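Structure record follows, encoded as structure tokens.
Note on naming: letters A, B, ... go to the chains in the order of the sequence lines (proteins, then strands), and numbering restarts at 1 for each one. Bear in mind that the values here come from a model prediction, so they are computed numbers and not experimental data.
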Number of protein chains: 2
Amino acid sequence: MTHMTINATEITGSRPPLPSAMTPLEVEAVDLFVGLAQVVGLPKSIGQIYGLLYISHLPLSLDDIVERLDISKGSASQGLKFLRSTGAVRLCDDHDSRCDRYEAEVGLRALATGFLKEQIEPHLESGEDRLARLRRLASTAPAAGRAHVAQRVKQLENWHRRAAGMLPLLIRFLGK
Amino acid sequence: MTHMTINATEITGSRPPLPSAMTPLEVEAVDLFVGLAQVVGLPKSIGQIYGLLYISHLPLSLDDIVERLDISKGSASQGLKFLRSTGAVRLCDDHDSRCDRYEAEVGLRALATGFLKEQIEPHLESGEDRLARLRRLASTAPAAGRAHVAQRVKQLENWHRRAAGMLPLLIRFLGK
DNA sequence: GTGGTTGTTCAAAAATTATTGAACAATTCT
DNA sequence: AGAATTGTTCAATAATTTTTGAACAACCAC
């Protein structure tokens with residue numbers, strides 16, 4: 001019966017279906033996280049990588065990721081670096097395997113904390129400097145609008161305090 | 001004494017100092033809001049426009065903004081359109097003036113509400129569709145990882161609920 | 001050592017996003 | 001009516017950000 005084993009590959013001459021293609025489920029999950037990434041202003045590739053790891057039940061290596069997502073090794077490496085730095089992805093200490101494998105951190109609180117600490121906090125800090133400079137300039141403003149300007153600067157400082165106070169609150173709300 | 005009215009302009013031949021240059025205070029305020037815009041993923045010009053209106057004690061017209069910020073009329077028009085749509089800027093009904101003048105909305109709650117409603121809410125809504133699709137796909141997943149996938153999808157739905165619940169909470173926290 | 005992996009870096013290319021400016025409506029003034 | 005002013009739109013351009021891929025370093029195994 002061997003002559004019966006003719007398949008589309010032999011007929012068309014095309015390569016066999018990529019063993020690395022994503023399942024529809026993976027595609028959908030990746031898409032979802034790509035969307036999320038856009039919302040928070042992160043590159044698509046980062047959403048892809050996290051999404052794939054999130055839905056995968058096995059840790060994946062860099063090469064796995066490159067293959068499934070069909071992105072360059074460079075992108076994958078950089079993306080993983082970022083995800084590691086924010087704690088969104090863990091290097092899973094998987095002994096006997098020559099290459100590093102990663103798994104997604106799935107605790108919402110850990111994710112949010114990492115993101116806020118890395119992406120928001122620095123801005124809040126540099127904001128303090130800017131506010132100080134503003135306040136100094138405000139005091140030398142032309143008398144005409146001085147009162148108004150002083151009020152606005154004060155309000156900005158108030159916003160800053162609220163924003164700073166919001167971070168812990170947010171994290172708390174995201175629960176254990 | 002008219003011959004005494006020689007000034008730098010006549011001596012150097014350059015035009016008189018632009019009446020439209022920003023003061024250092026304005027520059028600093030604009031910079032601050034440009035930074036803020038970047039944080040929330042909005043174009044720089046939008047930060048500039050809002051910053052200028054925020055620090056200004058008088059409502060400004062589109063042409064004022066174009067002059068002070070030295071940006072194109074197109075940018076200013078589009079930027080104002082966005083800021084209006086979000087409620088960050090108000091057309092001030094200033095009667096007897098042929099052109100529209102704008103002033104900044106400075107209530108933190110109003111600002112945040114506008115931003116969240118316009119930029120975040122739509123994503124939460126489309127997220128629901130995506131989650132539904134994911135859930136459907138999960139049920140057809142290969143038995144191997146079915147339980148795992150089901151768990152992850154459930155977790156995503158949980159995240160979605162939390163995120164949706166967070167918006168009102170955020171707004172409340174931003175106070176009156 | 002050589003040859004085969006695994007992963008990083010970074011300059012160049014590609015893709016995306018923002019800005020410009022000119023053409024166009026719509027108003028208002030004379 | 002025409003001329004001047006105000007504001008919008010949108011295709012082209014410019015600026016920015018992301019992705020690629022090739023060069024490289026580090027590590028094993030042989």
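- The closest donor-acceptor contact from the side chain of A/Arg152 to the backbone of B/Tyr54 lies under 3.5 Å.
- Atoms CD (B/Gln38) and C1' (D/dT17) sit 12 Å apart, rounded to a whole Å.
- Rounded to a whole Å, the CD atom of A/Gln48 is 14 Å from the C1' atom of C/dA15.
- Going from atom CG of B/Asp63 over to atom P of D/dT5 covers 11 Å, rounded to whole Å.
- Ring planes of B/His148 and A/His57: tilted class, angle from 30 to 60°.
- Nearest to the side chain of B/Leu62, among D/dG7, D/dT19, D/dC28, sits D/dG7.
- Going from atom CD of A/Glu67 over to atom C1' of C/dT6 covers 14 Å, rounded to whole Å.
- The CG-P distance, from A/Leu42 to C/dT16, rounds to 17 Å in whole Å.
- Taking atom NZ of residue B/Lys44 and atom P of nucleotide C/dT20, one finds them 9 Å apart after rounding to whole Å.
- By the 4.0 Å N-to-carboxylate-O rule, B/Arg130 lies too far from A/Glu28 to be salt-bridged with it.
- Contact between the side-chain N/O atoms of A/Ser72 and the OP1/OP2 oxygens of D/dT19 is not found at any separation under 4.0 Å.
- B/Ser56 places no side-chain N or O within 3.5 Å of a backbone atom of B/Leu52 that could act as its donor or acceptor partner.
- The distance between atom CD1 of B/Ile46 and atom P of D/dT16, rounded to the nearest whole Å, is 16 Å.
- When rounded to the nearest whole Å, the span between CD1 of A/Ile65 and P of C/dG7 equals 10 Å.
- Within residues 73-91 of chain A, the residues that place at least one heavy atom under 4.0 Å from DNA chain D are, in residue-number order, A/Gly74, A/Ser75, A/Gln78.
- Both B/Arg98 and A/Ser61 lie near DNA chain C, and the one whose nearest nucleotide falls closer to the 5' end is A/Ser61.
- Shortest non-hydrogen contact noted between B/Leu137 and A/Pro24 is CD1-O, 3.6 Å.
- The backbone N or O of B/Leu124 lies less than 3.5 Å from a partner atom in the side chain of B/His160, making a donor-acceptor pair.
- Side-chain atoms of B/Arg90 never come within 3.5 Å of backbone atoms of B/Tyr102 as a donor-acceptor pair (strictly under, hydrogens ignored).
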